[in-house]
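Inspection log for the structure reproduced underneath, given as structure tokens.
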Amino acid sequence: MGNERLVVIGGDAAGMSAASQARRRRGADDLEIVVVERGRWSSYSACGIPYLVSGAVDGFDALIARSPEEHRKRGIDLRMGVEAEGIDRDRREITVRDLASGRTDRIGFDHLVLAMGAVPIRPPLPGIDAPGVHGVQNLEDARVLIDYLRPDQRRAVVIGGGYIGVEMAEALIRHGLEVTVVDRSAQPMSTLDPDMGALVHEAMEGMGIDVVTETEVVAIEVVDGRASAVLTADGRYPADVVVLGLGVRPNTALARDAGLPLGASGGLSTDLRMRVTADGIWAGGDCVEVLDLVSGRRRHVALGTHANKHGRVIGTNIGGDYATFPGVVGTAVSKVCDLEIGRTGLREKDAAASGFEFVTATIESTGRAGYYPGARSMTVKMIAERITGRVLGVQIVGRDGAAKRIDTAAVALTHRMTAEDMTSLDLGYAPPFSPVWDPILVAARKAAQKVAEGR
Ligand SMILES: Cc1cc2nc3c(=O)[nH]c(=O)nc-3n(C[C@H](O)[C@H](O)[C@H](O)COP(=O)(O)OP(=O)(O)OC[C@H]3O[C@@H](n4cnc5c(N)ncnc54)[C@H](O)[C@@H]3O)c2cc1C
């Protein structure tokens with residue numbers, strides 16, 4: 001039994017990374033680690049769900065990074081099917097319930113890690129709980145959806161055109177369904193500016209996906225006890241299956257009830273070391289808010305890439321070393337069929353809301369030399385601060401290696417580079433990989449020119 005006990009609530013990306021890092025640094029005789037996870041899976045990749053549903057990834061096991069047994073072998077007391085119900089900060093213990101037996105218990109802690117993830121948004125619409133309406137938040141949701149899909153089903157409606165919505169549209173197309181995506185925004189992928197979202201819209205229509213924008217879902221029509229159509233303010237969209245992709249909010253009810261500090265975004269507030277309180281309460285992943293390094297504001301960004309890093313930082317600190325999570329620039333990539341989407345930094349409306357004056361530059365280029373077989377086009381948009389030329393945001397929509405080009409821009413944003421700085425970046429070139437001027441460099445050149453003209 002250890003001298004100290006670490007208790008983790010939530011056994012996925014943030015929670016298990018924290019537990020594993022702490023275990024690497026402190027042996028079981030020094031630190032006892034207990035993780036409570038209410039679900040059936042731990043350390044799974046929700047990011048893989050669209051590809052599991054599409055069939056591109058074969059079987060649930062492929063999405064499990066480490067099983068509960070493997071964690072236990074490494075000295076982590078992982079308790080599955082156990083839900084945390086309360087946090088008593090004065091007594092330094094949590095209340096838990098075993099979901100199978102209903103038995104409640106208390107577990108004392110020296111360190112407590114809150115890694116409860118996010119809650120999918122599920123508006124209280126008539127029919128929303130009918131069979132045939134599916135969330136895709138976790139592996140159990142994916143299992144229920146996959147079991148529900150039948151060869152005789154013809155139509156699917158995806159509510160929400162964010163990255164999960166468009167990835168699920170692809171998954172359902174691959175099942176041979178006719179897919180409609182319904183979104184209240186002007187364009188799908190509202191994490192992009194509308195002009196870039198319009199390119200996604202057009203491409204999706206070209207793939208045979210019906211995209212209906214600027215419309216509000218008012219109800220799910222239910223016939224014979226199953227979802228049969230999605231009703232919007234403007235029309236009726238028949239559906240044998242409905243998938244919800246409406247985004248998430250931080251899962252902080254437990255923390256709020258315990259009086260822990262929440263930020264304006266609703267996520268838990270932490271310091272740079274991911275501490276919520278100085279006396280051993282930590283938090284990471286989808287339940288926290290993070291500093292946006294471009295705007296200087298705090299935001300809730302629910303991404304696995306951050307959750308893993310937060311967990312690592314927490315585990316390193318609890319393990320007795322020093323680590324910080326400085327913040328994010330807002331980088332994300334996704335795809336729908338062969339169309340790739342990348343974004344980082346601020347959209348025009350974010351830049352304006354933050355008080356920046358800026359210029360924008362949009363260019364079209366190809367992912368490899370124009371003469372090289374298979375060259376396909378991509379559009380790159382760059383937003384740069386007027387006068388200083390600091391790059392504030394980049395968005396890319398296109399094919400053939402478009403999405404991961406955003407990483408170059410993410411590095412530039414992290415290091416507050418100007419568009420002019422970016423024009424001379426020593427990026428790799430050979431005809432199969434890029435034109436001699438990479439699309440990122442072409443966009444930087446145009447943005448730098450606009451900045452210079454505006455001085
Ligand atoms: C379909 C889909 C696709 C995605 N694709 C990507 C992608 O491509 N790239 C990317 O970066 N991110 C992606 N994400 C987001 C990513 O999966 C999440 O950001 C990440 O899983 C967050 O990790 P987390 O540990 O904070 O929370 P979660 O993974 O949600 O884990 C939280 C865990 O806590 C448990 N829990 C909650 N409350 C309690 C309680 N009271 N007691 C006990 N256990 C509790 C839950 O059961 C859950 O297992 C995707 C998400 C989805 C749903």
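Counting starts at 1 for both ligands and their atoms, in listed order. Note that these values count all heavy atoms, side chains included, but never hydrogens, waters or copies made by symmetry.
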TODO: Number the atoms of ligand 1 from 1 as they appear, then name those within less than 4.0 Å of a heavy atom of Ala13, with their elements.
DONE: 23 (O), 25 (O)
Task: Protein contact to atom 12 (N) of ligand 1 [nearest heavy atom, distance to 0.1 Å] - done: Gly304 N, 2.9 Å
TODO: Tell me which protein heavy atom sits closest to atom 49 (O) of ligand 1, plus the residue, atom name and distance to 0.1 Å.
DONE: Glu37 OE1, 2.7 Å
Open item on the list: Nearest non-hydrogen contact with atom 8 (O) of ligand 1 belongs to which option: Ser45, Gly117, Cys47, Ala253?
Closed with: Cys47
TODO: Output yes when a side-chain donor or acceptor of Asn138 lies under 3.5 Å from a complementary backbone atom of Glu140, and no otherwise.
DONE: yes
Task: Atoms of ligand 1, numbered as shown, that sit under 4.0 Å from any heavy atom of Ala307 - done: 22 (C), 23 (O), 26 (O)
Task: Aromatic ring pairing Trp41/Phe60, orientation class (parallel under 30°, perpendicular over 60°, tilted between) - done: parallel
Task: Where ligand 1 meets Gly285 - atom numbers and elements under 4.0 angstrom, heavy-atom basis - done: 26 (O)
TODO: Number the atoms of ligand 1 from 1 as they appear, then name those within less than 4.0 Å of a heavy atom of Leu254, with their elements.
DONE: 41 (N)
Open item on the list: Return the closest protein heavy atom for atom 29 (O) of ligand 1 as residue, atom name and distance.
Closed with: Asp12 OD2, 2.4 Å
Open item on the list: Looking at every non-hydrogen atom in both residues, tell me the closest pair between Asp321 and Arg273 and how far apart they are.
Closed with: O-NH2, 3.3 Å
Task: Whether over 12 other heavy atoms sit under 6.0 Å from Arg74 CZ - done: no
Task: Non-hydrogen side-chain atoms of Val328 and Leu293 separated by less than 4.5 Å - done: no
Task: Lys335, Met116, Arg97: member with heavy atom nearest to atom 37 (C) of ligand 1 - done: Met116
- [ ] Mark yes when over 12 heavy atoms from residues, nucleotides or ligands other than Arg312 sit less than 6.0 Å from its CZ; otherwise mark no.
- [x] no
TODO: Check Tyr44 against ligand 1 and report side chain, backbone, both or neither, counting heavy atoms closer than 4.0 Å.
DONE: side chain
- [ ] Name the closest protein heavy atom to atom 25 (O) of ligand 1, giving the residue it belongs to and the distance to 0.1 Å.
- [x] Ala14 N, 2.9 Å
Task: Nearest protein heavy atom with distance in Å, relative to atom 50 (C) of ligand 1 - done: Tyr163 OH, 3.2 Å
Open item on the list: Looking only at protein heavy atoms, which one is nearest to atom 53 (C) of ligand 1, and what is the separation?
Closed with: Val136 O, 3.2 Å
TODO: May I ask you to decide whether Arg97 forms a salt bridge with Glu83, counting only side-chain N to carboxylate O separations under 4.0 Å?
DONE: no
- [ ] Evaluate whether atom CZ of Arg226 has more than 12 neighbouring non-hydrogen atoms of other residues, nucleotides or ligands under 6.0 angstrom away.
- [x] no
Open item on the list: Just so I know, are the side chains of Asp400 and Met378 near enough to count as touching, which here means a heavy-atom distance under 4.5 Å?
Closed with: no
- [ ] Using a strict cut-off of 4.0 Å, indicate which atoms of ligand 1 neighbour a heavy atom of Asn251.
- [x] 37 (C), 38 (N)
Task: Derivation and outcome, salt bridge (charged side-chain N to carboxylate O under 4.0 Å, His left out), residues Lys73 and Glu70 - done: CA-CA 5 Å; Lys73 270 191 206 141; Glu70 286 172 298; over 6 Å; no
Open item on the list: Looking at ligand 1, would Trp41 count as a contact under a 4.0 Å heavy-atom criterion?
Closed with: no
- [ ] May I ask you to test the Glu214-Asp183 pair for a side-chain heavy-atom distance under 4.5 Å?
- [x] no
Task: Exercise: identify the closest heavy-atom pair between Leu6 and Ala22 - done: CD2-CB, 3.9 Å
Open item on the list: Applying a heavy-atom cut-off of 4.0 Å, say which part of Leu303 lies close to ligand 1: side chain, backbone, both or neither.
Closed with: both
TODO: State the atoms of ligand 1, each with its element, that fall below the 4.0 Å cut-off from a heavy-atom position in Gln137.
DONE: 53 (C)
Task: Heavy atom of Asn308, distance to ligand 1 below 4.0 Å - done: no
Open item on the list: If we check side chain to side chain contact (heavy atoms under 4.5 Å, CB included) with Tyr163, which of these qualifies: Ile341, Leu303, Val336?
Closed with: Leu303
Task: Shortest heavy-atom approach to atom 45 (C) of ligand 1 - which of Arg40, Arg38, Arg79 - done: Arg38
Task: Between Glu221 and Ser228, a side-chain donor and acceptor under 3.5 Å - done: yes
Open item on the list: One residue to check: Val82. Relative to ligand 1, which of side chain, backbone, both or neither has a non-hydrogen atom less than 4.0 Å away?
Closed with: backbone
Task: Electrostatic pair Glu170:Lys335 at N-O distance under 4.0 angstrom - done: yes
Task: Sub-3.5 Å N/O-N/O distance, Cys287 and ligand 1 - done: no
- [ ] Starting from atom 26 (O) of ligand 1, locate the nearest protein heavy atom and write down its residue, its atom name and how far away it is, to 0.1 Å.
- [x] Asp286 N, 2.8 Å
Task: For Thr305, atoms of ligand 1 separated by under 4.0 Å from a heavy atom - done: 11 (O)
- [ ] Can you figure out which of Ala46, Gly10, Ala115 has its heavy atom closest to atom 32 (C) of ligand 1?
- [x] Ala115
TODO: Just need the protein heavy atom nearest to atom 52 (C) of ligand 1, so name the residue and atom and give the distance.
DONE: Ile164 CD1, 3.5 Å
Open item on the list: Within ligand 1, which atoms have a heavy atom of Ala302 less than 4.0 Å away?
Closed with: 15 (C), 19 (O)
